[in-house]
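Scroll down for the structure; my scribbles are underneath it.
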Amino acid sequence: IKISLYFLIFNLIILSILEFISLGSIPFLISFLLDQNSFNSFFSKDFNNYIQNFNSLNFIIYFVFILFLLKSSFLSFVNYHELKTIKVLRIFISKKLFDLYVNKNYSFFLKNNHSVLARNLIQETDNCVGLIQSCVTVLREIFLLLIIFTLIFIYKPFLSLIILFFLTLFAVIFYISTDKKLKSIASKRISSMGALFKLIPQMFNLIKEIKILKKENFFLNKFFITK
């Protein structure tokens with residue numbers, strides 16, 4: 001698992017570099033189409049002579065096309081590896097949690113609600129994996145931002161420090177303003193899902209009594225309140 005995660009992070013770094021280079025190649029292509037003289041002055045004479053012999057426009061178009069093709073191919077590989085890693089991770093977490101429950105004492109099952117334990121094995125495992133997948137997506141964007149920020153810092157150190165200050169300030173304000181609220185929402189969601197997992201087996205076990213006593217609306221209202 002660790003090796004797969006480390007390999008995924010390494011691939012995300014490479015993908016961010018390819019993403020940056022491919023996006024950066026578009027202005028070069030536009031610059032070449034609008035003003036070929038200014039574009040040629042950016043490179044050395046030997047390189048310009050080589051491009052001119054090859055046909056400048058064809059060279060730039062082929063270069064950009066191959067670059068985007070390479071990035072798209074590598075993106076497909078990274079997405080495949082990410083999905084495969086997430087699948088293995090889901091199985092690993094579920095197996096560990098199930099093994100933990102199976103080896104608990106009998107008193108543990110008397111003290112804990114079986115519906116909550118079932119929810120942890122099914123629902124919370126998927127939520128945990130979903131959180132990790134979201135972190136991977138955020139990590140990909142962070143790597144791309146770091147590359148862009150590094151280049152800005154090389155050419156405009158003062159400007160990059162100002163950008164870093166405001167980004168950090170925004171991140172701190174966002175964290176402080178949402179931390180308690182998100183924890184409260186998460187706590188309510190866990191309680192709600194526990195009650196829901198408890199209600200559904202009760203309804204199916206008591207379906208005969210519900211039909212006889214005509215208590216369908218009672219359970220329906222209880223279901224909506226739980227949701």
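Scope of the values below: all heavy atoms of this structure, side chains included, with no hydrogens, waters or symmetry mates.
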Reported [atom1]-to-[atom2] distance for the pair [X] and [Y], which is rounded to 0.5 angstrom:
X    : Y    : atom1 : atom2 : answer
L89  : T85  : CG    : OG1   : 8.5 Å
L12  : T137 : CG    : OG1   : 8.5 Å
L139 : I13  : CG    : CD1   : 8.0 Å
S72  : L67  : OG    : CG    : 9.5 Å
L69  : K71  : CG    : NZ    : 11.0 Å
F149 : I163 : CZ    : CD1   : 7.5 Å

Quick check: is [Y] connected to [X] through a chain of hydrophobic side chains (ILVMFWY, heavy atoms under 4.5 Å apart)?
X    : Y    : value
V78  : Y80  : no
L145 : L164 : no
F174 : I142 : no

Are any non-hydrogen side-chain atoms of [X] and [Y] less than 4.5 angstrom apart?
X    : Y   : answer
L18  : L75 : no
F143 : I9  : yes
I14  : E19 : no

> Under 3.5 Å, is there a donor-acceptor pair between the side chain of S94 and the main chain of I91?
Replying inline: no
> When you measure from the side chain of H81 to the backbone N and O of S4, does any donor-acceptor pair fall under 3.5 Å?
Replying inline: yes
Return yes when atom [atom1] of [X] has more than 12 non-hydrogen atoms of other residues, nucleotides or ligands closer than 6.0 Å, and no otherwise.
X    : atom1 : result
F108 : CZ    : yes
L131 : CG    : yes
F65  : CZ    : no

> With under 30° as parallel and over 60° as perpendicular, where do the rings of F74 and F77 fit, or are they tilted in between?
Replying inline: tilted
>> Please determine whether salt bridge (charged side-chain N to carboxylate O under 4.0 Å, His left out) holds for the pair E82 and R140, giving the CA-CA distance in whole Å, both sets of side-chain angles, and the decisive distance to 0.1 Å.
In response: CA-CA 12 Å; E82 180 182 336; R140 179 187 302 173; 3.0 Å; yes
> Closest heavy-atom contact between Q133 and L83?
Replying inline: NE2-CD2, 4.1 Å
